[in-house]
Number of protein chains: 2
Amino acid sequence: MAYTYEYPHPAVTADICIFSIREGRLHVLLIERLADPFQGSWAIPGGFIKMDEDIVVGAARELEEETGVAGVPLEQLGAYGMPGRDPRERVITVAFVALVPSDQMVLTAATDASDARWFDMDELPVLAFDHDVILADARAKLADKVTNRVTETAKSAFQFLPKKFTLAQAQAVFETLRGEELDKRNFRKWIAANWDLVDLKEKTSGGRHRPAALYSVDFV
Amino acid sequence: MAYTYEYPHPAVTADICIFSIREGRLHVLLIERLADPFQGSWAIPGGFIKMDEDIVVGAARELEEETGVAGVPLEQLGAYGMPGRDPRERVITVAFVALVPSDQMVLTAATDASDARWFDMDELPVLAFDHDVILADARAKLADKVTNRVTETAKSAFQFLPKKFTLAQAQAVFETLRGEELDKRNFRKWIAANWDLVDLKEKTSGGRHRPAALYSVDFV
DNA sequence: AGTGATTGGTGTCGATAAGACACCACGCCG
DNA sequence: CGGCGTGGTGTCTTATCGACACCAATCACT
């Protein structure tokens, strides 16, 4: 079956920059391209938009197909459409940013037969197409989102923490997401002011150091 | 001539929200649709992306074709692609925001035979497609851009002022762009801190009131 | 039991930005 | 010459941010 148009149409894809934290470091999920162009290169996962689905829905579908993760808030980054970015045909991609908990992802990436791997953001391979540019923009957007407002995206940050967590653990997560070190006292002021922390009146034990108080978060 | 693809492709357009100030009020340029769908409705100008041009280049081309204005910084707003937003076929549009000087526009809109009109943002007609949503997003983005940073877009604000202007004139322009009234003293502090104003040591005359000092801006 | 290592936990100060707010100055017109 | 209309100025409060240093509690080891 073929589709014919009076005028040329570009292909439109949705690419999703899927960030996670693994072993305390920011990672991004990339897939290895099995076919030309850029065969063997790594690329941001994504795929073609279907004709009957909204762009963000298509992005969510691709995300679920490729990782099994659903219900994640997706933030649109923008459209990238430089001619020649795909040597086969004109492809315009709409990029999204997602932040997903690492443990869900490990599971699915393992069962998924396709060649997908987490990459440390500081050890990226050469990327296909213009995905290096997109990923850099996505990295900046992620840091900005998590830094500033109490958005859905920022709430996802707490998925990297156990239900009961210490403030030091929380600080490590936000430092990783923001890509910079934070002052301990200033961070504690910030998190107390911006999130509804519940003091569980419990303490850690077992470390060869002073026990830490445990907290949980209440979302409004 | 026809173009055939193995899989269906959406059409991709660039729509440009062209803002200007006319008689002290924020206006947007809309065109009347001559053909179905939405024949007779007003719409944001835009058009199809060519296969060999970048999206922002296509947006600039459409802007110039429809208004004669070139060299204007375009800011991408995002992609809009809800299915059914165009009843004919699947159309994904990438929206841009432009701020152009009013006098250039009057000239071109007059020579342009197509039916284009400036609309006061407070007296908008019913719009075709989902252009009401896009325009609302564009309005917010415009206000944000002009408010905060010293960007190219913000520099365009000074195009609505004569080379020699009074601070009251400048305040009126920024109030219009931001959509809110500003405190006189705070505005003067802000503009002095953020822009390189040159005191021309001249004064207005002719008003039945105290003369105003004239300034010009030096861009860095 | 003592000591050192390790992480937990706390408060102040200064700079900066933003917003609220009121009065006199000056030229023109009548 | 008086009043109308716009021009022009400074202080205070508040909130936010970042820089910055010390003691506390537990554990491991001796």
Side-chain angles (χ1 to χ4, degrees), chain A residues 23-24 143-151 154 157 161-217, chain B residues 23-24 143-151 154 157 161-217:
Chain A
E23 293 164 11
D144 182 66
K145 274 294 145 189
V146 175
T147 300
N148 295 330
R149 291 163 261 275
V150 180
T151 60
L161 292 168
K163 284 179 186 171
K164 304 175 177 184
F165 56 85
T166 69
L167 295 184
Q169 290 174 318
Q171 182 173 348
V173 166
F174 280 92
E175 281 178 341
T176 303
L177 294 176
R178 292 179 52 169
E180 59 184 349
E181 295 195 347
L182 303 173
D183 178 83
K184 197 205 300 189
R185 282 170 290 191
N186 291 338
F187 172 77
R188 289 159 113 95
K189 270 186 295 187
W190 175 82
I191 196 172
N194 290 284
W195 301 91
D196 193 5
L197 289 185
V198 181
D199 186 344
L200 297 174
K201 310 290 187 188
E202 297 180 57
K203 290 194 177 293
T204 56
S205 64
R208 73 203 271 173
H209 52 79
R210 174 174 173 177
L214 287 168
Y215 294 86
S216 65
V217 195
Chain B
E23 293 165 11
D144 182 66
K145 275 293 144 188
V146 174
T147 300
N148 294 330
R149 292 163 261 276
V150 180
T151 60
L161 293 167
K163 284 179 187 171
K164 304 175 178 185
F165 56 86
T166 68
L167 295 184
Q169 290 173 318
Q171 181 173 349
V173 166
F174 280 92
E175 282 177 339
T176 303
L177 294 176
R178 292 179 51 170
E180 58 183 351
E181 294 196 346
L182 303 173
D183 177 83
K184 198 205 299 188
R185 282 170 289 190
N186 293 337
F187 173 77
R188 289 158 112 96
K189 269 186 295 187
W190 175 82
I191 196 171
N194 290 283
W195 301 92
D196 193 5
L197 290 185
V198 181
D199 187 343
L200 297 174
K201 312 288 187 192
E202 298 180 56
K203 291 195 178 292
T204 55
S205 64
R208 71 204 267 167
H209 53 78
R210 175 174 172 178
L214 289 168
Y215 294 86
S216 65
V217 195

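Every chain is numbered from 1, with letters handed out A, B, ... down the list of sequences.
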Is there a side-chain contact between R185(B) and the phosphate of dC21(C), meaning an N or O under 4.0 Å from OP1 or OP2?
no
Within the structure shown, what part of the strands sits under 4.0 Å from A213(A) by heavy-atom distance: base, sugar-phosphate, or nothing?
sugar-phosphate
Atom CD of E180(B) to atom C1' of dA20(C): distance rounded to whole Å?
14 Å
Any non-hydrogen side-chain atom of Y215(A) less than 4.5 Å from a side-chain atom of D199(A)?
yes
Distance, rounded to the nearest Å, where L182(B) contributes CG and dC21(C) contributes P:
15 Å
Using whole Å, what does the distance between atom P of nucleotide dG7(D) and atom OH of Y215(B) come to?
12 Å
Side chain proximity check, L197(B) to L167(B), heavy atoms < 4.5 angstrom:
yes
Could you tell me how far apart N186(B) (CG) and dC12(D) (P) are, to the nearest whole angstrom?
15 Å
Find which nucleotide of DNA chain C each of D183(A) and W190(B) is nearest to by heavy atoms, and output the residue with the more 5' nucleotide.
D183(A)
Return the orientation label for the F187(B) and F174(B) ring planes: parallel under 30°, perpendicular over 60°, tilted otherwise.
tilted
May I have the distance from K184(B) (atom NZ) to dC24(C) (atom P), rounded to whole angstrom?
14 Å
To check you understand the geometry: which heavy-atom pair defines the closest contact between A212(A) and T166(A), and what is its length?
CB-CG2, 3.6 Å
dT7(C) base to K203(A) side chain: any donor-acceptor pair below 3.5 Å?
no
Among dA28(D), dG8(C), dA25(D), the one nearest any side-chain atom of R208(A) is dA28(D)
Please report the shortest heavy-atom distance between W190(B) and T147(B), naming the atom on each side.
CZ2-O, 3.8 Å
Distance criterion of 3.5 Å, no angle test: do you see the side chain of K189(B) paired donor-to-acceptor with the base of dT16(C)?
no
CD of Q171(A) versus P of dG8(C): gap in Å, rounded?
9 Å
What integer distance in Å separates D199(A):CG from dG8(C):C1'?
13 Å
Atom-pair distance (CD1 on I191(B); C1' on dG7(D)), nearest Å
15 Å
Below the 4.0 Å mark, does dC27(D) have OP1 or OP2 next to a side-chain nitrogen or oxygen of R210(A)?
no
Among the candidates dG9(C), dG27(C), dT7(C), find the nucleotide nearest to the side-chain atoms of H209(A).
dT7(C)
Among the candidates dG19(C), dG7(D), dG9(C), find the nucleotide nearest to the side-chain atoms of R188(A).
dG9(C)
